[in-house]
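Everything on this sheet refers to the single structure shown next.
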Amino acid sequence: HKAVAAGVRVHINARPHPSNITDAVTVHQRVHRMISLLHHLLVATLARLWFILMLPLLLWPMQRLVEQFESLVLSAGPGAPEADGRAFPRPIGQERDGARAPQQPFDRANCSAENMRPTVVGVPNSTALRLRWQLPLGIIVRPMADEAMGRSVPVIPLGSQGIVRCRRCRTYMNPFCTWVDGGRRFKCNVCAMLNEVPVEYFSTLDANGLRRDVAERPELSCGTVEWVAPQEYMVRPPMPPVYFFAIDVSVAAHSCGMVAVVADTIRACLDQLPGDERTQVGFLTYDSSLHFYNLKASLAAPQMLVVTELDEPFLPMPDDLLVNLTDSRPVIEALLDALPSTYSSSTSNDSAMGAALQAAFLVMSHVGGKLLLFQAGLPTLGSGKLKPSRDNLNLYNSDREPSLRNPEDPFFKRFAGEASSRQITLDVFLGSNGFADMASLASIPRFTCGQVYYYPGFHKMRDGPKLSAELSRNLTRPTAWEAVMRIRCSRGLKIGSFHGHFFNRRYSCNYTFKLNPRGPYAALPTAARALLC
């Protein structure tokens, strides 16, 4: 007994070597991991085997359902003959047009997608998401898209309170402004500033915090409205619609038939020009010299005035070169009827387009308006004359290749700036049988809210109907004169760049002179700070 006890005592007091314990534990862990791995492999193998065996049983009801659906026929009932789907009635007339027409937005508080169409349906609402945002954020703006779609815009008459706007950011009253203090103040939805409500504009609120006259005021329920601006919003009285026509009458213009098509189209559109009794028109023809026309109402026939000075053109008379359409209608019609035959025997191949633009600027500078230029070739005399070719193979695939798309003569950009300062816009109708320097000729319409219509190798029989249709549309479509477009963004966004035909005078303000239903403009907002949406 003592020996056993001593033996036990010795065993308890003994200290085993650490390496033996570590080896034993390591072996045990390895065995345990191996058993667990084999267990998982066995379970996965059994699951795959079960899925393979049961897959046909799972797919059989679905396949049978598809076969039954394909065997269905259209008929009036059991035993009736099968109906022909092509014989079903289709919507016609107004029902068909309504089905094909773009759907109105669900919320009338937002403008239609034709007015403002963003490139994405949502923007990041946090800084972390904005840093990972790689999609282009932009907006396509068409201020007069409602006229193109045939929709009417609610007009808000000017009341005694004037136009209600935010005092800080000048945002107009809109459906997203919120009301506080019982309707005595409103919170701007763009800059979050609290503004006092004029006494004449006050209305009580309902249980939901909305004004009780929401249905009576379009600016509180519609995304697109039109305000009647008071006198303080005008730099000058509203300008009358002014149309000045500069027509090339060189040999190239007559041989292709452009002069006859232009004269006939303008005469056919005189009754449809906007402006009623305030519309003013003027004419100028040119080849190697400038031909002005006195269209005074008291004259029996138009009087031609020729100016041969091209470097510094001048007006042969101060008045009666731009006349009222209603008062001088017989003289204008006589000029258009005689214009194709007047220069039919001309032998001049030159074109003083630059001098014609400068002369037209002198006629229109006091009032502004639309200048329509009809050119049948490259200008060869005076300011803005162009070379027959600008092709330079040495510039291809080099850093200077984009220079081929810039105006060759600085006259074009300089004239565009001068025209924009006087509210003059330029539309160019170009028909050329040879090289046409579009990079130079298109620079003026680009910065004056104009357009370029190009007819390569113009021929009266082939391109005459197209020129007539586009000119008629240009003259008779709804037009906004002397317009200013401004895009305001909420906190966290700013406009990074603008794209379109306009003249941008200052940041976030596009100063345009002529808006039409087909004129799109693009704005690219960028993140300025953490976005607050």
Side-chain angles (χ1 to χ4, degrees), residues 239-249 253 258-259 262-263 265-267 269-270 272-275 278-287 289-297 302-307 313-329 331-336 339 351-375 379 383-384 415-416 418-430 441 444-445 447-453 470-472 474-477 479 481-482 513-514 516:
M239 60 179 293
V242 176
Y243 296 88
F244 195 86
F245 304 92
I247 306 173
D248 181 10
V249 292
M258 175 178 284
V259 177
V262 170
T265 305
I266 295 175
R267 194 184 192 287
C269 296
L270 292 179
Q272 305 176 30
L273 293 180
R278 301 174 64 240
T279 305
Q280 299 182 10
V281 296
F283 292 87
L284 169 69
T285 58
Y286 61 93
D287 43 21
S289 58
L290 306 180
H291 316 129
F292 295 88
Y293 296 92
N294 182 3
L295 302 175
K296 191 175 181 179
Q303 180 183 4
M304 182 192 302
L305 305 170
V306 180
V307 175
F314 59 91
L315 299 182
M317 58 186 308
D319 301 322
D320 299 326
L321 298 178
L322 193 64
V323 297
N324 184 274
L325 174 61
T326 303
D327 298 339
S328 303
R329 178 68 177 269
V331 185
I332 295 173
E333 292 180 348
L335 171 63
L336 294 174
L339 193 61
S351 174
M353 187 199 73
L357 292 177
Q358 292 176 325
F361 175 82
L362 296 176
V363 177
M364 307 173 61
S365 59
H366 69 285
V367 63
K370 179 189 287 189
L371 172 58
L372 295 97
L373 177 68
F374 301 90
Q375 181 71 19
S383 302
F415 181 83
E418 296 174 355
S420 64
S421 64
R422 298 304 179 95
Q423 284 61 256
I424 298 177
T425 181
L426 176 65
D427 291 334
V428 177
F429 295 80
L430 177 61
L441 298 176
I444 301 179
F447 295 107
T448 59
C449 196
Q451 291 180 263
V452 178
Y453 302 86
E470 292 180 341
L471 179 56
S472 300
N474 186 292
L475 295 175
T476 59
R477 64 188 175 189
T479 304
W481 301 85
E482 201 171 3
F513 316 107
K514 175 178 65 65
N516 56 77

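What you see is a predicted model; the values in this text were computed from it and never measured. In this chain, residues are counted from 1 in sequence order.
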To the nearest 0.5 angstrom, please state how far the [atom1] atom of [X] sits from the [atom2] atom of [Y].
X      : Y      : atom1 : atom2 : value
Asp248 : Asp287 : CG    : CG    : 7.5 Å
Ile247 : Gln375 : CD1   : CD    : 12.0 Å
Met317 : Leu305 : CE    : CG    : 6.5 Å
Leu475 : Arg477 : CG    : CZ    : 9.0 Å
Leu325 : Ile332 : CG    : CD1   : 5.0 Å
Leu441 : Met353 : CG    : CE    : 5.0 Å

Determine whether Phe244 and Ile424 satisfy the following criterion, side chain to side chain contact (heavy atoms under 4.5 Å, CB included), listing intermediate values before the conclusion. CA-CA 10 Å; Phe244 195 86; Ile424 298 177; over 6 Å; no
Does the [X] side chain pair with the main chain of [Y], one donor and one acceptor, at a distance under 3.5 Å?
X      : Y      : answer
Thr425 : Cys449 : yes
Asp427 : Leu372 : no
Ser420 : Thr448 : no
Thr285 : Val249 : no

For the student: nearest non-hydrogen atoms of [X] and [Y], plus distance:
X      : Y      : value
Leu362 : Phe314 : CD1-CA, 4.1 Å
Tyr293 : Leu339 : OH-CD1, 4.1 Å
Leu426 : Pro445 : O-CB, 3.5 Å
Ala356 : Leu284 : O-CD2, 3.5 Å
Gly368 : Met239 : C-CE, 3.6 Å
Leu295 : Pro302 : CD2-CB, 3.8 Å

Could you please spell out the steps behind the side chain to side chain contact (heavy atoms under 4.5 Å, CB included) verdict for Val281 and Ile266? CA-CA 11 Å; Val281 296; Ile266 295 175; over 6 Å; no
Is there a side-chain contact between Pro241 and Arg278, using heavy atoms and a 4.5 Å cut-off?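 Counting from C-beta outward, Pro241 and Arg278 do come under 4.5 Å.
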Any side-chain heavy atom of Leu373 sitting closer than 4.5 Å to one from Leu357?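 Yes - at least one pair of side-chain heavy atoms lies under 4.5 Å apart.
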For side chain to side chain contact (heavy atoms under 4.5 Å, CB included), just list the numbers for Val323 and Val331, CA-CA rounded to whole Å, side-chain angles, deciding distance to a tenth of an Å, and then say yes or no. CA-CA 10 Å; Val323 297; Val331 185; over 6 Å; no
Can you list the steps and then say if Thr326 with Thr279 is a side chain to side chain contact (heavy atoms under 4.5 Å, CB included)? CA-CA 8 Å; Thr326 303; Thr279 305; over 6 Å; no
Counterpart residues, salt bridge (Lys or Arg N to Asp or Glu O under 4.0 Å), relative to Arg267 (two or more places apart):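 Arg267 satisfies salt bridge (Lys or Arg N to Asp or Glu O under 4.0 Å) with Glu333, Asp337 once adjacent residues are dropped.
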May I ask you to decide if the ring planes of Phe283 and Phe245 are parallel, tilted or perpendicular, using 30° and 60° as cut-offs?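 The rings of Phe283 and Phe245 lie parallel, inter-plane angle below 30°.
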When the ring planes of Tyr243 and Trp481 are compared, do they come out parallel, tilted or perpendicular, using 30° and 60° as the limits?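 Perpendicular: the ring planes of Tyr243 and Trp481 meet at over 60°.
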